[in-house]
Amino acid sequence: MRFDGTAGTENTMSETASKDPLVLFMPSGKRGRFPIGTPVLEAARKLGVYVESVCGGRATCGRCQIEVQEGNFAKHKIVSSLEHISEKGPKEERYEKVRGLPEGRRLSCSALILGDLVVDVPQDTVINAQVVRKAATDRVIERNAAVQLCYVEVDEPDMHKPLGDLDRLKAMLEKDWGWKDLLIAPHLIPQAQSILRKGNWGVTAAIHRDMDSSRPFIVGLWPGLKNEAYGIACDIGSTTIAMHLVSLLSGRIVGSSGTSNPQIRFGEDLMSRVSYVMMNPDGREAMTKAVREAVNGLIGKVCGEGEVDRHDILDMVFVANPIMHHLFLGIDPTELGQAPFALAVSGALQYWAHELDIEVNRGARLYTLPCIAGHVGADAAGATLAEGPYRQDRMMLLVDVGTNAEIVLGNRNRIVAASSPTGPAFEGAEISSGQRAAPGAIERVRIDPVTLEPRFRVIGVEKWSDEEGFAEQAASVGVTGICGSAIIEVVAEMYLAGIISEDGVVDGSMAEKSPRILQTGRTYSYLLHDGEPRITVTQNDIRAIQLAKSALYAGIKLLMEKQGVEHVDTIRFAGAFGSFIDPKYAMVLGLIPDCNLDEVKAVGNAAGTGALMALLNRDHRREIESTVARIEKIETALEPHFQQLFVNAMAMPNKVDAFPELAKVVALPERKVLSDDGGGEGGGRRRRRSRE
Ligand code: FES
């Protein structure tokens, strides 16, 4: 028997010469030659193709299903036919009769190789449940979970061989499944004898092994055949906690939900929560308790959705920003509130879930991704794992915009990361009419460059404000404020319409042209909606947005300088905020550097997707651990050049940087230089030239 285990390679001379049938597994492309009569499951195992099995080939679990592809696969020199696989035997027929098998599916433990075959291993598509606008990402995660279910039939006790019940269980797990040096979770020891007898000596053990070098652990034991186990992937954000419940055997997401982080009552943003810990002796405990309770509540919710018993959850993966990470784990985050922003621990961590008061199976394990730096957390590591800048040659910029923007820039050669204090302006705080994204909030804005009249869309209302029927539709939710995505758009549209100058000053002379330009003291503002409440964009609002976007852009630019690049090839916006902003307006405003707009994509909760990947495939844990170890962390506060980059970034889109790609799709306005009170043209008027 020979096998090369390589993907998509052509036949070798030795393969052609061999008489043994050639078997190609898809989608992995791994292939090898096996003697006639070899079970397909055994061939898959030998090639390292992942095919699930719980019953150990007894044709009772149904987890090992495959499909034979028929036809002439000229590229692989294989003619695959249903005649090249054995007919269903009595065991497989019994399974089909009792449990049913979808058309074309076979149990690979029972089906024997009789000739050349192309075998399809069906993959349950893992849907990234965080819908990114309409483009939900379909992502197939190859499975190699840290938990495996193994059914065994244990020898009955024998007075002549006084080996303990648990020892005989371990011996059988080694014989049938190859598990050596098994440890057993202590809580199972007193229960094992009754479980073995209840199952009439047939039991299913859940084995957890994260690292190949670590000893495997029996973490669960059930009488008879246990055919399902679940895992949780969770992203603890400062505002929202998001969770997926997923089958560890099929990779299928069976429940997804989110809840607001109850720590908000201790402080809106991260720093105020650190202050709360510093000022209150029991502050840390209270916040740890609050977030763990919320996680337990959310587990109840996703289990309800998926009709899953929470005690069937055996593995969990968590990502979070550094402060949330520390608070969830019960670590005082005070050191993260001040320079040098020391993490208590930056590496990946392993716990028993019950050690963190998480109410799932008593044997469930819990893994946290590593943190990148004091301000760039395990959530950024999760997003990095999901988007994989280190897996490609192109220079990828990955940004997660929150009150603190986390920025990762790199490719397979080198990755750098930093955070930048954008503040809460992008989330609607510090903005006179700002609010969180909720029904009634303006989410889209357009301004007519001739009349300066706006039109907008409101969350919860289908129509635009200038469409017939808007007022009736909006009556129920009202028009209550501006959310983050609209703040970006309204300021960018004001710039494109000439209402504000490149430096962000509202042009007072426009008041003659439009009643929407209002004088407020020494400055001017723009009236977006004349209702109850009256919604305006003030000079202060624009300044707040400028400060936030300058912090983000300067951080990005600093990383570009570290990488020695003038432009980036592709940009990924992670996080909820990124999902709703229009990349074009983000670029007009100068949040992000110039880039082909087709290459700017929102990827939703990429941190959560990274957690999911680490849950379903333990190899991804090693991958992100080694990647994080080689990410170079840049502390923006220590870079003397940062201030100049920040000042340059105050202009729209930027004082010195060129935006040639943006100029291809957007006519940038003439340059105006106005004094702070919106009057005069201090620097004269000149045509803005696109700088190459
Ligand atoms: Fe269980 Fe084939 S391995 S049915």
Side-chain angles (χ1 to χ4, degrees), residues 239 264 267-269 272 401-403 421-447 452-461 465 474 477-508 510-511 514-552 577 580-582 585-586 588-591 650-652 674-679:
T239 314
I264 286 175
E268 274 273 330
D269 57 57
S272 52
V401 179
T403 48
T422 43
F426 288 148
E427 294 178 348
E430 293 179 356
I431 303 294
S432 58
S433 300
Q435 69 159 92
R436 284 197 191 283
I442 294 175
E443 58 166 350
R444 292 269 168 271
V445 180
R446 300 289 179 271
I447 297 175
L452 306 188
E453 281 302 299
R455 58 194 198 95
F456 53 81
R457 267 190 71 162
V458 169
I459 297 177
V461 181
S465 62
V477 291
V479 182
T480 50
I482 317 174
C483 74
S485 60
I487 289 164
I488 304 290
E489 287 193 11
V490 73
V491 178
E493 281 278 315
M494 285 169 75
Y495 168 59
L496 292 174
I499 298 170
I500 57 175
S501 67
E502 182 184 62
D503 295 320
V505 179
V506 182
D507 184 352
M510 289 277 190
S514 165
R516 293 206 171 254
I517 311 296
L518 309 172
Q519 184 157 20
T520 27
R522 275 173 47 82
T523 59
Y524 291 84
S525 53
Y526 178 71
L527 178 62
L528 182 58
H529 178 60
D530 195 6
E532 187 49 53
R534 207 167 193 230
I535 297 171
T536 57
V537 181
T538 68
Q539 187 63 65
N540 277 347
D541 295 341
I542 296 164
R543 286 281 176 250
I545 288 296
Q546 279 179 290
L547 290 169
K549 72 108 178 176
S550 302
L552 176 59
F577 176 76
F580 297 103
I581 58 172
D582 184 326
Y585 288 108
V588 168
L589 210 58
L591 254 79
M650 283 292 281
M652 274 169 263
L674 303 172
S675 55
D676 263 1
D677 62 4

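These figures come from a predicted structure and were not determined experimentally.
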So OG1 of Thr520 and CD of Gln539: to nearest 0.5 Å the spacing works out to 8.5 Å
Does Glu443 use its side chain to pair, donor to acceptor, with the backbone of Arg457 at less than 3.5 Å? no
Taken to the nearest 0.5 Å, the spacing of Leu452 CG from Leu527 CG works out to 12.0 Å
Taken to the nearest 0.5 Å, the spacing of Gln519 CD from Ser525 OG works out to 9.5 Å
TODO: Starting from the C-alpha separation in whole Å, work towards a yes-or-no answer on side-chain hydrogen bond (donor to acceptor under 3.5 Å, both in side chains) for Tyr495 and Glu502.
DONE: CA-CA 7 Å; Tyr495 168 59; Glu502 182 184 62; 4.9 Å; no
Output for pair (Asp507 CG, Ile499 CD1), nearest 0.5 Å, gives 9.5 Å
dist Arg444:CZ -> Asp582:CG (nearest 0.5 Å) comes out at 6.0 Å
Tell me, do Val401 and Ile581 make a side-chain contact under 4.5 Å, heavy atoms counted?
no
- Does the side chain of Ile500 reach to within under 4.5 Å of the side chain of Tyr526, using non-hydrogen atoms? no
Output for pair (Gln546 CD, Leu589 CG), nearest 0.5 Å, gives 8.0 Å
Please check this pair: side chain of Ser465 against backbone of Phe456, looking for a donor-acceptor N/O pair closer than 3.5 Å. yes
Heavy atoms of Ile442 and Ala486 approach each other most closely as O-CB, 3.0 Å
